[in-house]
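Remarks on the structure that follows.
One-based numbering, in listed order, for ligands and for the atoms of each.
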Amino acid sequence: MTRILAIESSCDETAVAITEDGKLLANVVATQISVHEKFGGVMPEIASRLHTENITVCLTQALEESKLSLEDIDAFAVTRGPGLIGCLHVGLQAAKTLAMLYNKPLIPVHHLAGHIYANEYVGELQFPLLCVVVSGGNTEFVIMRDHMDFEIIGETKDDAVGECYDKVARVLGFPYPGGLPIDQHAKLGEHTYPLPVPASPDGKYDVSYSGLKTSVINLVHSLEMKKEPVRVNDMARSFQDVAIGMIVDRAMEAAHEYHVKQVILAGGVSANSYLRSEVKKHLEGTGIDLIIPPLWCTTDNAAMIAKVAEKLYERKVFAPLTLGVDPNWRIDHWAEFGDSGKPEVK
Ligand code: KG4
């Protein structure tokens with residue numbers, strides 16, 4: 001029997017989960033959204049401090065829910081990156097302390113691998129698969145030919161799609177995080193504002209969001225200067241059509257080119273209702289399977305970190321206690337975390 005305690009603190013959610021042979025025994029998430037809402041975005045320094053305050057509370061609650069004690073845990077897993085450096089440090093220090101105290105392995109987990117493996121809570125991964133990773137900090141198209149085998153075939157060359165949603169939401173007067181309000185208002189509007197569809201900036205599957213973001217901001221400001229009303233629902237719809245359209249186009253082309261058996265969605269923006277329905281619609285009748293993560297898995301949590309940790313525990317991918325965080329860790333370098341930069345698979 002293997003029991004894993006996983007910690008997630010890469011952005012504005014402090015989370016602790018405990019699994020026993022893959023079964024989720026506890027999944028505690030303390031979100032800081034109400035604090036950051038006032039600033040219209042995550043304030044990194046405040047986020048780190050709140051993680052420090054919340055981590056032991058989450059830990060205690062997770063142990064209570066699982067009816068286990070720290071002595072029962074076989075390995076301590078933690079998100080090592082990507083994310084906000086100060087936030088990552090809090091989770092890593094907690095995990096390292098526990099691993100040292102209880103003399104158990106420390107498992108470093110890539111945050112986006114976590115979002116991808118969250119899908120295992122609802123279905124079995126079938127390879128080769130295409131994973132559409134869309135979050136507040138990342139936008140990537142990833143091909144997986146096997147477990148823990150990630151090839152990035154395309155990514156954003158500037159802003160992440162979620163970041164773009166949040167900036168556009170701010171100019172439209174919606175609260176942070178702006179993805180859900182835009183999604184809701186877009187349903188009430190029509191695509192009446194002409195917005196440019198960015199061309200592939202580099203590689204075939206790359207995307208770009210900064211031009212789209214600037215176009216919406218400029219359009220809103222010029223309407224305000226002319227004292228013309230901004231039709232918020234129509235603007236949300238016009239923006240969403242372009243922002244999500246880009247992802248769906250690239251995803252469908254890649255799914256066919258790479259002959260995938262399955263498409264999976266991952267990350268905060270995978271909660272988007274238009275993205276979910278468009279991908280589903282386009283895959284109908286193609287024979288390609290689709291997993292859409294449950295909504296609770298689209299936001300940050302530690303259950304998804306535990307899922308990856310199970311795979312790493314089997315392979316004995318453990319880190320030394322000198323481990324540091326990596327705010328820019330690439331998913332295709334998930335096994336590189338030693339001083340030498342070489343995989344440290346023991
Ligand atoms: O995965 P996540 O927590 O970010 C990172 O860890 O980087 O995702 C948060 C992002 C935010 O930008 C939020 O606005 C966006 O996901 N989001 C959405 C929706 N719900 C959340 N974007 C579009 N439509 C939604 N329904």
Contact check, His115 vs ligand 1, heavy-atom distance below 4.0 Å:
yes
Among protein heavy atoms, which sits nearest to atom 12 (O) of ligand 1, and what does the distance come to when rounded to 0.1 Å?
Asp166 OD2, 2.8 Å
Measure centre to centre between the rings of Phe174 and His185, then say whether the value is under 6.0 Å.
yes
Counting heavy atoms under 4.0 Å, the part of His111 that contacts ligand 1 is side chain
Please check whether Gly268 reaches ligand 1 - meaning an N/O of the residue sits under 3.5 Å from an N/O of the ligand, judged on distance alone.
yes
Atom indices of ligand 1 within 4.0 angstrom of Gly162 heavy atoms, with elements:
12 (O)
Among non-hydrogen protein atoms, atom 24 (N) of ligand 1 lies closest to Asn272 ND2, 2.9 Å
Which is it for Arg80 and Asp326 under the side-chain contact (heavy atoms from CB on, under 4.5 Å) test, yes or no, and what are the steps along the way?
CA-CA 6 Å; Arg80 184 201 168 226; Asp326 185 348; 3.7 Å; yes
Check each of Gly179, Pro181, Ser270, Gly137 against atom 22 (N) of ligand 1 and report the one with the nearest heavy atom.
Gly179
Residues clustered with Leu180, ILVMFWY side-chain links under 4.5 angstrom
none
Which residue owns the protein heavy atom closest to atom 10 (C) of ligand 1, what's the atom, and how far is it?
Gly136 N, 3.7 Å
Would you please name every residue forming a side chain to side chain donor-acceptor pair (under 3.5 Å) with Thr31, sequence neighbours left out?
Glu13
Counting heavy atoms only, which of Thr299, Asp183, Val42 is nearest atom 26 (N) of ligand 1?
Asp183
Distance-only side-chain donor-acceptor flag, Glu190 / Thr192, under 3.5 Å:
no
Could you say whether the N/O atoms of Ser273 and ligand 1 ever approach to under 3.5 Å?
no
Between the side chains of Asp300 and His111, does any donor sit under 3.5 Å from an acceptor?
yes
For ligand 1, which atoms, with element, lie under 4.0 Å from some heavy atom of Gly178?
14 (O)
Are the aromatic ring centres of Tyr176 and Phe39 under 6.0 angstrom apart?
no
Measure from NZ or CZ of Lys307 to the centre of the six-membered ring of Tyr121, then state whether that distance is under 6.0 Å and the direction lies within 45° of the axis.
yes
Could you tell me whether Glu53 and Arg49 make a salt bridge, using a distance below 4.0 angstrom between a side-chain N and a carboxylate O?
no
With a cut-off of 4.0 Å, which atoms of ligand 1 are near a heavy atom of Asp300?
1 (O), 3 (O), 6 (O)
Just going by heavy-atom distances, which of Asn301, Val269, Leu112 is nearest to atom 15 (C) of ligand 1?
Val269
Short N-O contact, Asp241 and Arg237, less than 4.0 angstrom:
yes
Quick check: Asn138 and ligand 1, any N/O pair under 3.5 Å apart?
no
Ligand 1 atoms nearer than 4.0 angstrom to some heavy atom of Ala271 are 20 (N), 26 (N)
